[in-house]
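Lettering of chains follows the sequences in order, A, B, ..., and the numbering in each one begins at 1.
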There are 2 protein chains.
Amino acid sequence: MTGWEDIRAEVLRRIRARDWPPGQVIPGEEALAQEFGVARATVNRALTALAEAGFLERRRKSGTRVAETPVRRATLDIPILRHEIEAQGRAYAFRLLDHRLMLPPLAVTTRLGLAPDQPMLWLETVHLADGHPHAHEARWLNPALLPDPCPDFSALSANEWLVRTLAFTAGDLAFLAEAAEGRVAEVFGVTAGAALLVMERTTWSGDQPITLLRLTHAPGHRVQMMV
Amino acid sequence: MTGWEDIRAEVLRRIRARDWPPGQVIPGEEALAQEFGVARATVNRALTALAEAGFLERRRKSGTRVAETPVRRATLDIPILRHEIEAQGRAYAFRLLDHRLMLPPLAVTTRLGLAPDQPMLWLETVHLADGHPHAHEARWLNPALLPDPCPDFSALSANEWLVRTLAFTAGDLAFLAEAAEGRVAEVFGVTAGAALLVMERTTWSGDQPITLLRLTHAPGHRVQMMV
DNA sequence: GAGTGGTCTAGACCACTAT
DNA sequence: TAGTGGTCTAGACCACTCC
């Protein structure tokens, strides 16, 4: 019973055991297919998967070699707060603190490539787990995308409305640390200056910006990724 | 000329255009193969890729459906500090601040599953970009893995030695925010309490722990991921 | 039990690139 | 130009899971 996952595992074992050390060219697909007694396509499937994971580098003609720097890629499942909290067996709720049309700071319009004199929809929300503040959300929303009677974001979270309604095609995401201040410090009940973890995210629909989101987490929060 | 990437693109377009809205079951592989005029395996390749990216959910018998929550996966290329800094055209250097065998705090041994009365190698390093502090590294290293004449970590960074020497099979990674204090505050020249971004990482070789690393970034640093 | 995706094969041709 | 990986095909059988 030899499947492509068995072959992937065996090749990975040889890489880790240093049978095939970093930088070394490994046997070609045809040779491995003969060794394992399978079709070349099966070997190809296994090696392609290992290359996508960053263990191998493949090039036509020159062959497949072991990557110099092993596994340097991690994946993050971007949490949907409601799911994350409910998965912990806690009750999710949110409160809309503020929402209005106003002129965004220059940093925001620059980042999104919008005209600086155009008002945007500002939303400030706190997400609660069992009634305790879990994260503070500050969001700038491109008003050009909103339907005429604006959705009631105090009943449906802006994130869920966006996900259900708009097709987004690209985005980026960054982590940073920031000192608590103003309303954020107040929400979490910490003194100004406390260190908080911020996730910043922009999303786009084609070349049209949708939203810029800053999610500030409760003190001590860790964002965990698997390697 | 229709290849699997064309099919992936077309299916993704239909998902984004809401031709196939979230939750809906899409046509089976056979049907799509006929529509596009290709073999079923080609359609399978395209749909498998979209499922790995989180756009589709596939199950035998019940078929393929559009994911309710689109793209919720981001990948981080774990930076090798020297490469990251040199890629910005800046000069990399590091200074070993401290290294000695000592008893780790209980939190460390618990996390790594080691005996609490066993000393570990402690390494404290600052990484410099153009002479300015870029990150502070605090590392606990399992001494059972070290060769008898301990490598000279003031000449070769511990990270690079580990990567070259040991085969690591698993690990995890977390981001958190922390207030600067003690040596870290001193290194960055900030007042105690300043918010700093910390990346914490543990690595394993089979079931043997290798190292626990805390990388504290310079004030204002952002870790960027692509979605 | 039946329908769907998951995988394998043997062979073929193509695309890229080192020499 | 030649060698390697990348992809496609037509057909087959298997594995899972819903009914």
Contact boundaries on DNA chain D for chain A, cut-off under 4.0 Å to non-hydrogen atoms: D:dA2 to D:dT7
Option among A:His136, A:Glu137, A:His99 that satisfies the side-chain contact (heavy atoms from CB on, under 4.5 Å) test with A:Glu124: A:His136
Option from A:Thr42, A:Thr48, A:Leu47 for which side-chain contact (heavy atoms from CB on, under 4.5 Å) with A:Asn44 holds: A:Thr48
Evaluation steps, salt bridge (Lys or Arg N to Asp or Glu O under 4.0 Å), between A:Arg65 and A:Glu57: CA-CA 5 Å; A:Arg65 61 181 61 230; A:Glu57 284 164 7; 5.8 Å; no
Under 3.5 Å side-chain donor-acceptor pair for B:Asn142 and B:Gln208: no
Parallel, tilted or perpendicular: ring planes of B:Trp161 versus B:Phe153, cut at 30 and 60 degrees: perpendicular
Centroid separation B:His221 to B:His134 less than 6.0 Å: yes
Within-4.5 Å side-chain heavy-atom neighbours: A:Leu197 and B:Leu197: yes
Touch class at under 4.0 angstrom, heavy-atom based, for A:Arg40 against every strand present: base
Name all residues meeting the side-chain hydrogen bond (donor to acceptor under 3.5 Å, both in side chains) criterion together with [X]; count only those two or more places apart in sequence or in a different chain, and write none if there are none.
X        : result
A:Thr216 : none
A:Asp207 : none
A:Thr125 : none

B:Gln34 CD - C:dT4 P separation (whole Å): 13 Å
Residue whose closest nucleotide on DNA chain C lies nearer the 5' end, A:Trp4 versus B:Gly63: B:Gly63
Could you list all N or O pairs between the protein and nucleotides 17-19 of chain C that sit under 3.5 Å apart?
| residue | atom | partner | partner atom | Å |
| --- | --- | --- | --- | --- |
| C:dA18 | OP1 | A:Arg59 | NH1 | 3.3 |

Within residues 24-33 of chain B: residues closer than 4.0 Å to DNA chain D (heavy atoms): none
